[in-house]
Amino acid sequence: MLVSVALILVFGLLFSSLFTKLKLPGFIGMILVGIILGGSFLNVIDDKLLAISSEIRQIALIIILTRAGLTLKLDDLKKIGKPAFFMSFLPATFEIVGCTILGPILLNTTVLEGMLIGCVLAAVSPAVVVPRMIQLTEEGYGQERKIPQLILTGASFDDVFVIALFTVVSTFVQSGEVNLSSIIQVPIAILSGILIGVAWGYVFQMYFKKFHMRDSIKLLIILAFSFFIVGFEKEISSILPFSSLIAVMSMAISINVFYPKLANRLSSKYNKLWVAGEVFLFVLVGISVNITFALGAGLFTILMVLGGLIFRMGGVFISLLPTKFTNKEKLFCAFAYLPKATVQAAIGGIPLAMGLACGELVLTVAVLSILISAPLGAILIDSSAKKLLTKS
């Protein structure tokens with residue numbers, strides 16, 4: 001297993017560096033490393049590591065959610081107003097609706113399976129978007145209408161919205177039916193997750209204010225408690241409908257609201273933790289891909305991804321209708337909302353781990369969406385920003 005870990009780290013970092021030099025997202029290289037090292041080609045990864053790969057990806061998802069919660073600025077949503085509010089859920093909703101329609105037509109899925117694929121695909125990628133929006137802000141592009149800030153804020157809430165929907169729809173697909181009882185459980189699970197997360201976030205920030213300790217210890221405490229919440233979700237849900245992922249996110253947001261200085265410091269710690277987490281996440285996703293199945297899915301899978309992106313762009317334009325944005329600015333926002341990566345890598349393999357019949361298809365579409373949309377979105381953002389946005 002140690003040799004497998006070394007191969008993942010060394011070649012994952014090497015290929016990430018190579019792709020970055022080519023001005024493409026580094027995680028594309030990590031996924032390709034996983035495909036090469038996995039069963040489709042070299043098959044050199046230890047089976048013991050593969051047996052726990054779903055747990056490793058779940059740990060990466062917990063890190064992603066906590067990072068997002070620690071950096072979410074609720075005040076930014078208020079300042080930017082309606083455009084940020086609509087951008088936080090409308091484009092994702094349009095893409096999910098698009099996949100729900102296209103899934104049965106292109107991939108012969110059920111309606112619920114198409115919806116599940118939509119929930120996996122619909123999140124925008126912070127790994128591609130965030131550094132580019134920060135750079136545009138520093139260079140003064142789009143500052144008259146705060147376009148980079150709008151995209152950053154909307155994208156952060158977009159991920160939260162999509163992950164919440166994914167947890168709900170995956171339970172529907174697992175049960176195979178949507179009845180009144182399961183529908184009633186959805187808002188209860190979301191609300192209980194929020195309340196439990198906020199309550200524990202408040203308790204933790206009070207404890208950290210009272211007892212002095214290193215920030216690294218605080219990170220380990222929060223991380224361990226997050227593992228407990230996710231690990232005991234089934235036991236808790238048998239008593240009360242409960243979403244552990246929403247609870248983890250809410251706990252981080254709560255700490256950010258009540259103790260923003262600590263949230264800022266912890267966010268920096270989680271960013272460092274993510275350096276290794278990112279390599280394992282994307283390489284393991286690549287290893288999980290069945291190339292034979294992916295090639296068999298072929299053109300229709302690609303059409304599914306592209307069709308979802310078209311629906312998504314429509315959602316962006318509708319979100320910006322109440323604004324005074326020019327058509328060029330709206331087009332740039334649509335481009336900036338195309339890239340997908342981190343969330344898809346984190347949750348794309350969950351349906352397969354759950355034993356769902358559509359699991360392999362969902363993972364294949366998730367990986368293809370990363371390989372198609374991440375470089376496409378990055379290139380469109382970089383090439384169009386200075387042409388479509390005005391400089392202050």
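With F27 as the partner, the ring pair (Phe, Tyr, Trp, His ring centres under 6.0 Å) test is satisfied by one option alone out of F15, W274, F280, F282: F282.
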Only distances under 3.5 Å count here; give the side-chain donor-acceptor pairs of residues 312-321 to other protein atoms, sequence neighbours excluded, each with its distance to 0.1 Å.
{"unit_1": "R312", "atom_1": "NE", "unit_2": "Y337", "atom_2": "O", "d": "2.6"}
{"unit_1": "R312", "atom_1": "NH1", "unit_2": "E95", "atom_2": "OE1", "d": "2.9"}
{"unit_1": "R312", "atom_1": "NH1", "unit_2": "A122", "atom_2": "O", "d": "2.5"}
{"unit_1": "R312", "atom_1": "NH2", "unit_2": "A122", "atom_2": "O", "d": "3.2"}
{"unit_1": "R312", "atom_1": "NH2", "unit_2": "D158", "atom_2": "OD2", "d": "3.2"}
{"unit_1": "S319", "atom_1": "OG", "unit_2": "G315", "atom_2": "O", "d": "2.7"}

Distance-only criterion, 3.5 Å: show the donor-acceptor pairs between side-chain atoms of residues 99-111 and protein atoms not counting sequence neighbours.
{"unit_1": "T100", "atom_1": "OG1", "unit_2": "I96", "atom_2": "O", "d": "2.7"}
{"unit_1": "T109", "atom_1": "OG1", "unit_2": "G103", "atom_2": "O", "d": "3.4"}
{"unit_1": "T110", "atom_1": "OG1", "unit_2": "E113", "atom_2": "N", "d": "3.1"}

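The backbone N or O of L50 sits less than 3.5 Å from a side-chain atom of S53, completing a donor-acceptor pair. S125 places no side-chain N or O within donor-acceptor distance of the main-chain N or O of K340, the cut-off being under 3.5 Å. The closest donor-acceptor contact from the side chain of Q344 to the backbone of A341 lies under 3.5 Å. Side-chain N or O atoms of E360 include none that pairs as donor or acceptor with a backbone N or O of F293 at under 3.5 Å. In terms of modelled atom types and a separation under 3.5 Å, the side chain of S267 and the main chain of R67 share no donor-acceptor contact.
Applying the ring pair (Phe, Tyr, Trp, His ring centres under 6.0 Å) rule to F225 yields the partners W200, F204; only residues at least two apart in sequence or on another chain are considered. Residues satisfying the ring pair (Phe, Tyr, Trp, His ring centres under 6.0 Å) test with Y202, not counting sequence neighbours, are F258. Partners of R145 according to the salt bridge (charged side-chain N to carboxylate O under 4.0 Å, His left out) rule, which considers only residues two or more places apart in sequence or in another chain, are E329.
Relative ring orientation between F85 and F89 is described as perpendicular, the plane-to-plane angle rising above 60° on a 0-90° scale split at 30° and 60°.
Screening residues 369-389 for side chain to side chain donor-acceptor pair (under 3.5 Å), with sequence neighbours left out, gives R132-D382.
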